[in-house]
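Encoded as structure tokens, the structure appears first; notes follow it.
Count residues from 1 along the sequence. Small disclaimer: the values here were computed from a predicted structure and weren't measured.
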Amino acid sequence: MRVAIIDDNNSEAQTLAAYLTEFYKNAGLSVQTKIYSDIILFAEDYRNAYELVFLCVHKLSDGIKNELNLLRKYDDAVPLVLVSELPEIAILGYGVNAIDFILSPIKQKNFVTTMIRITDKLRTRAPQVVLKTADGIRKVALNTIYFVEVRDHRLTYHTMDGEISVWGTLSEQEKKLPSNFAKCSKCYIVNLCHVTHVGRDFVRITKTQGGGALIVA
């Protein structure tokens, strides 16, 4: 999971990053966070690389709406969570299609509850692919797929929710998946959103970051 935190209070940003790391660790997942001190720096560095953005607002000003619109100018679809000690900031979220609001200062127990809700929302709204399995038809959110593997004529989707065996060929799967999925060898199609490192003959993804890697040579 790749997450951006926009906050001019570095201490609070670091706390949020630590809470995110703990939440995803407990869920058996990894997270990469990057902190920006303001929206301008975020916009200058933007590469459509984030799956979730937290924007922390500490004061209500005339420029905050312009900053929110700037963020949406660069990406009108990335899931956005507003964080503020000011409850009225939550109202601004409707105008930029924010998926949630967190009242600060953030308490870890409340944060976990909120993140569970946010995770459910992300899975519900995420684009899906329809897979044919031995048990019938199954819909899977694209952002939960790590990679697709063919081995011994067995085709397997490796996802956040486990492995899913399907009918078909790797070439057929490649045609139905969007452009952020790439065939890196005759055995694998990887979700580039989960790639953390590309070597000469291997690709490392979030699922295998504990030491494993996909050998693609």
Side-chain angles (χ1 to χ4, degrees), residues 1-61 63-126 141 143-144 146 160 193-197 205-207 209-210:
M1 190 72 171
R2 296 179 180 179
V3 180
I5 299 172
I6 307 171
D7 193 344
D8 59 6
N9 186 317
N10 186 64
S11 177
E12 293 190 10
Q14 293 292 344
T15 297
L16 177 55
Y19 285 172
L20 282 166
T21 299
E22 184 70 16
F23 174 81
Y24 283 105
K25 179 181 178 181
N26 290 337
L29 303 170
S30 63
V31 63
Q32 294 175 296
T33 58
K34 187 166 183 178
I35 297 172
Y36 297 88
S37 60
D38 60 50
I39 288 182
I40 301 300
L41 292 175
F42 170 80
E44 290 175 349
D45 188 50
Y46 195 68
R47 297 183 179 87
N48 197 30
Y50 298 108
E51 298 165 84
L52 184 61
V53 174
F54 287 84
L55 173 60
C56 304
V57 181
H58 299 291
K59 61 181 179 179
L60 190 59
S61 65
I64 186 60
K65 290 184 179 180
N66 292 333
E67 291 179 354
L68 286 169
N69 290 332
L70 175 63
L71 188 153
R72 280 305 187 212
K73 177 182 177 180
Y74 282 87
D75 193 326
D76 62 358
V78 66
L80 173 66
V81 179
L82 297 181
V83 181
S84 180
E85 56 268 37
L86 306 172
E88 56 267 35
I89 293 296
I91 299 175
L92 298 179
Y94 292 105
V96 290
N97 196 27
I99 64 170
D100 218 311
F101 172 79
I102 298 177
L103 187 65
S104 61
I106 302 172
K107 305 297 182 182
Q108 189 167 16
K109 182 178 179 180
N110 295 337
F111 178 76
V112 170
T113 301
T114 302
M115 280 303 300
I116 291 173
R117 182 173 67 244
I118 289 172
T119 300
D120 288 341
K121 289 180 180 178
L122 292 179
R123 294 194 179 189
T124 300
R125 65 182 276 165
N143 62 3
T144 68
Y146 293 115
M160 293 181 182
C193 293
H194 290 294
V195 171
T196 59
H197 182 76
I205 62 175
T206 50
K207 182 184 179 184
Q209 74 163 18

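The side-chain contact (heavy atoms from CB on, under 4.5 Å) test with L82 is passed by exactly one of I99, I91, L68: L68.
Separation of atoms CG (N66) and CG (L71) is listed at 12.5 Å; rounding is to 0.5 Å. Put simply, CD on E67 and CG on L92 are 11.0 Å apart, with the number rounded to the nearest 0.5 Å. Between T15 atom OG1 and I5 atom CD1 the span is 9.5 Å, to the nearest 0.5 Å. The line from CD1 of I40 to CD1 of I6 is 10.0 Å long, rounded to the nearest 0.5 Å. Atom-to-atom distance recorded for T144:OG1 and L122:CG is 11.0 Å, nearest 0.5 angstrom.
In this structure, the side chain to side chain contact (heavy atoms under 4.5 Å, CB included) partners of L29, at least two apart in sequence or on a different chain, are Y24, A27, Y146, M160. Remark: A4 engages Y36, F42, Y50, V53 in a side chain to side chain contact (heavy atoms under 4.5 Å, CB included) (not counting sequence neighbours).
Here salt bridge (charged side-chain N to carboxylate O under 4.0 Å, His left out) pairs that include residues 9-25, with residues two or more places apart or in two chains, number zero. Legend: salt bridge (charged side-chain N to carboxylate O under 4.0 Å, His left out) pairs involving residues 97-106, not counting sequence neighbours, sorted by first then second residue: D100-R117, D100-K121.
Within 6.0 Å of CG in L70 there are more than 12 heavy atoms belonging to other residues, nucleotides or ligands.
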Can you give me every donor-acceptor pair (side chain of residues 101-114, partner residue at least two apart or in another chain, under 3.5 Å) with its distance?
from, atom 1, to, atom 2, distance (Å)
S104, OG, S84, O, 3.4
S104, OG, E85, N, 2.9
S104, OG, E85, OE1, 3.2
T113, OG1, K109, O, 3.4
T114, OG1, N110, O, 3.0

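Contact check for D38 versus D8: no side-chain heavy atoms found under the 4.5 Å cut-off. In this structure the side chain of R72 reaches within 4.5 angstrom of the side chain of L80, judged on heavy atoms. Between L16 and D7, the closest side-chain pair of non-hydrogen atoms is not below 4.5 Å.
When atom types are taken as modelled, the side chain of H58 and the backbone of L86 share no donor-acceptor pair closer than 3.5 angstrom. Between the E51 side chain and the R2 main chain, a donor and an acceptor come within less than 3.5 Å of each other.
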- [ ] Show the numbers, then the answer: is there a side chain to side chain contact (heavy atoms under 4.5 Å, CB included) between C56 and N9?
- [x] CA-CA 9 Å; C56 304; N9 186 317; over 6 Å; no
